[in-house]
Amino acid sequence: MKITLKGDVVKEYENGVSAADIAKSIGMGLYKSACAARVNGKTVDLRTVINEDCALDILTFDDDEGKRVFRHTASHVLAAAVLRLFPSAKYAIGPAIDGGFYYDFDVEKPFTSDDLEKIEAEMKVIVKSGVALERFEKEPSDARELMANQPYKLELLEEHAAKGDKISFYTLGEFTDLCAGPHLMDVGAIKAFKLTSATGAYWRGDSKKAMMCRIYGTAFPKNADLEAHLAAIEDAKKRDHNKIGRELEFFTTADCIGQGLPILLPKGARTIQLLQRFVEDEEQSRGYQLTKTPLMAKRDLYRISGHWDHYRDGMFIFGDPDDETKECFALRPMTCPFQYQVFLNRKRSYRDLPMRLGETSTLFRNEDSGEMHGLIRVRQFTISEGHLILRPEQLEEEFKGCLDLAKFMLKTVGLAEDVTYRFSKWDENRKDKYEGTVEQWNEAQSLMEKILNDLGVQYTVGIDEAAFYGPKLDIQIKNVHGKEDTLITIQIDMLLAAKFGMQYTDSDGSEKTPYIIHRTSLGCYERTLALLLEKYAGALPVWLSPEQVRVVPISDAHHAYAEELVAKLKAVGIRAEADYRAEKMGYKIREAQLAKVPYMLVVGNDEMANGTVAVRARKEENGGVKAFDAFKADILLEVAEKRL
RNA sequence: GCUUCUGUAGCGCAGUUGGUAGCGCAACUGAUUCGUAAUCAGUAGGCCAGCGGUUCAAAUCCGCUCAGAAGCUCCA
């Protein structure tokens with residue numbers, strides 16, 4: 001048979017050789033680093049026997065799929081070690097994930113960090129002992145017998161059996177696992193690994209099902225790579241906004257105020273104000289009208305929108321929600337139905353559309369206690385909210401405008417390269433979560449798909465990620481821990497307008513129901529600030545820095561000059577302060593540097609005599625001596641251009 | 001909400017097997033007037049997150065509550 005290898009090299013082999021044999025024939029070096037093979041585009045075990053012509057790649061740890069196979073095998077080593085130390089443990093699943101792997105166990109007592117050390121030591125023993133890793137298949141009936149004591153495996157087994165699949169197993173010494181593979185040929189290559197944490201996780205990701213004990217770990221062929229990986233993770237944590245945001249005094253929290261209710265300190269409040277002004281001004285220039293709507297409403301409003309049914313538990317409610325004889329209010333968890341009242345204010349014509357409404361809108365959501373995280377997930381937050389009320393034929397154009405605005409925002413704050421796009425669809429098997437008919441969903445989703453494809457947006461599809469009233473384009477971003485959140489969203493809604501009786505008179509005199517786009521320009525300001533702090537490690541671009549210039553007079557004799565400079569900078573809108581304390585300049589510079597102030601202006605006798613400033617930028621320490629007016633012109637330009 | 005961990009002065013931390021608390025930085029006061037990342041000395045600051053329990057005795061052991069972290073689940 002003919003095997004087409006990398007680089008379109010074709011080699012002849014006898015039928016019945018394994019992928020591993022082919023790797024060996026190419027070179028023992030390749031065989032030793034091989035993790036899996038790709039046959040006609042499908043990742044398979046190296047044990048796979050090849051019987052016909054095909055395209056075959058040998059995958060190593062350098063390939064993403066190779067990494068996954070390597071780490072998935074490491075998860076089996078983990079499970080084998082756990083079963084040696086905790087023979088009564090029931091094992092569930094152990095996949096590779098980005099950056100590592102995990103394995104879920106049902107054990108009587110959750111694993112402690114001491115346990116992790118012991119398990120890791122046992123894994124080392126298993127890897128060193130060179131026990132073989134073997135694959136075999138069984139009929140479902142025999143497989144059931146083999147896994148009789150493993151309830152989670154039995155559950156998985158039944159699903160595979162129902163599909164008519166053969167049931168495959170991998171044996172690692174005395175440990176046998178139901179597993180589709182693929183796996184490494186043996187575990188000897190897993191030289192560098194580390195168990196990183198033990199946490200809880202629901203079986204099958206269902207909060208109604210049992211809580212398993214999950215062990216996370218990572219593995220590499222080389223120790224140096226493991227060390228580098230762990231160091232990179234530690235390094236990323238130093239940028240955690242929840243740490244530096246507090247250290248740099250952008251925000252704080254108070255036990256007596258409550259969870260998810262951050263206090264924005266002067267610096268945080270200033271940066272958010274700058275972002276808000278930027279968004280509001282930009283929206284105005286793009287034809288948006290600003291609204292200010294109430295922060296609360298009677299339950300009646302949320303009943304019309306459907307939020308009362310879908311999200312009542314997530315609202316802050318005043319009064320007894322079940323007592324129909326008395327008024328009951330709730331803080332608003334979204335702006336939609338409030339802004340719809342703007343449209344409903346009077347009879348609307350097709351000439352009023354598109355109506356673009358924007359609002360810097362504070363929302364309240366009673367998130368579950370375990371969900372809060374710094375400024376990223378909070379109970380009170382302010383978003384760059386907006387709704388576009390449209391004639392159907394305006395949908396594509398306006399959607400494009402929303403995306404263009406979002407991209408412009410991302411580019412301006414410097415996050416454009418850090419986001420991914422997700423087309424969030426409903427799950428037709430979970431109709432209770434969504435409103436509207438199959439036809440309406442199909443229409444809205446195909447419309448969005450067409451728009452996204454026309455615009456050439458590179459996106460992933462998220463099933464069961466839609467809003468209850470329609471599909472979304474979610475612009476996603478990861479924090480320093482790798483956890484993904486939605487930064488910006490653009491949603492097509494074909495349901496709520498009808499619920500609120502929103503209509504416009506078309507050119508032919510007929511009454512029509514408009515389409516609505518729900519969208520944000522820059523998402524939620526708290527979250528955006530958090531991601532900016534992480535992106536820039538606290539050193540925000542000059543235009544967003546709460547303090548842009550700190551003047552450092554060398555001694556008392558230079559205070560008057562410093563005062564004069566600060567006044568001149570403030571007069572042109574530059575946020576400048578001077579450090580008049582009786583400290584040495586080295587000390588003042590250290591503090592300004594740690595506070596990430598973009599520019600320090602050191603002034604002493606020379607500068608005072610010449611009308612100059614000695615510039616020290618936080619990036620390049622020696623900015624040279626400049627005429628003060630030249631510095632002022634430079635920074636004004638930098639701010640005006642919103643340079644990153 | 002669930003699992004695990006954590007909670008000592010504004011911040012970062014010590015506090016051995018239970019015997020009512022320290023260090024560094026910051027703050028304040030004084031001295032120092034200094035040329036690019038920490039001048040010196042002194043002073044003050046804590047119901048050891050809160051409440052309850054065990055004990056002759058609790059920062060330390062136990063329970064509950066609150067708050068913080070990681071993960072899971074959720075996210076209009």
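All values below come from the heavy atoms of this structure, side chains included, with hydrogens, waters and symmetry mates left out. Below, chain A is the first sequence line, B the second, and so on; all start at residue 1.
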(request) Sorted by first residue and then second, give each salt bridge (Lys or Arg N to Asp or Glu O under 4.0 Å) pair with at least one member in residues 92-117 of chain A; sequence neighbours left out. (result) A:R68-A:D98, A:D104-A:R214
(request) With sequence neighbours excluded, tell me which residues meet side chain to side chain donor-acceptor pair (under 3.5 Å) with A:T420. (result) none
(message) Taking any heavy-atom pair under 4.0 Å as a contact, classify A:G314: base, sugar-phosphate, or nothing.
(response) base
(message) Per the salt bridge (Lys or Arg N to Asp or Glu O under 4.0 Å) rule, what does the pair list look like for residues 468-479 of chain A, sequence neighbours excluded?
(response) A:R422-A:D474, A:K472-A:D474
(message) Working to the nearest 0.5 angstrom, can you tell me the gap between A:E534 CD and A:K238 NZ?
(response) 15.0 Å
(request) Using the test side chain to side chain donor-acceptor pair (under 3.5 Å), find all partners of A:Y536 that sit at least two apart in sequence or belong to another chain. (result) none
(request) Check ring pair (Phe, Tyr, Trp, His ring centres under 6.0 Å) between A:Y152 and all other residues, then give those that pass, not counting sequence neighbours. (result) A:W203
(request) Only counting residues at least two apart or in another chain, list the ones meeting side chain to side chain donor-acceptor pair (under 3.5 Å) with A:R616. (result) A:Q593
(request) Kindly write out the residues that satisfy side chain to side chain donor-acceptor pair (under 3.5 Å) with A:K588, not counting sequence neighbours, or none if the list is empty. (result) none
(request) Select base, sugar-phosphate, or nothing to describe what A:E583 touches, counting heavy atoms under 4.0 Å on all strands. (result) base
(request) Looking at every strand, decide which applies to A:K472 at a 4.0 Å heavy-atom threshold: base, sugar-phosphate, or nothing. (result) sugar-phosphate
(message) Contact list please: residues 193-211 of chain A against RNA chain B, heavy atoms, distance less than 4.0 Å, in numerical order.
(response) A:T199, A:G200, A:A201, A:Y202, A:G205, A:S207, A:M211
(request) Hey, could you give me each pair passing ring-ring contact (aromatic ring centres under 6.0 Å, His included) that has a residue in residues 578-601 of chain A? Not counting sequence neighbours. (result) A:H559-A:Y580, A:Y599-A:F631
(message) Using a 4.0 Å cut-off on heavy atoms, which residues in residues 552-563 of chain A reach RNA chain B? List them by number, or say none.
(response) A:I554, A:S555, A:D556
(message) Considering only residues two or more places apart or on different chains, which pairs with a residue in residues 359-382 of chain A satisfy ring-ring contact (aromatic ring centres under 6.0 Å, His included)?
(response) A:H241-A:H373
(request) Considering only heavy atoms of chain A and a distance under 4.0 Å, specify the first and last nucleotide of RNA chain B in 5' to 3' order that meet this criterion. (result) B:G1 to B:A76
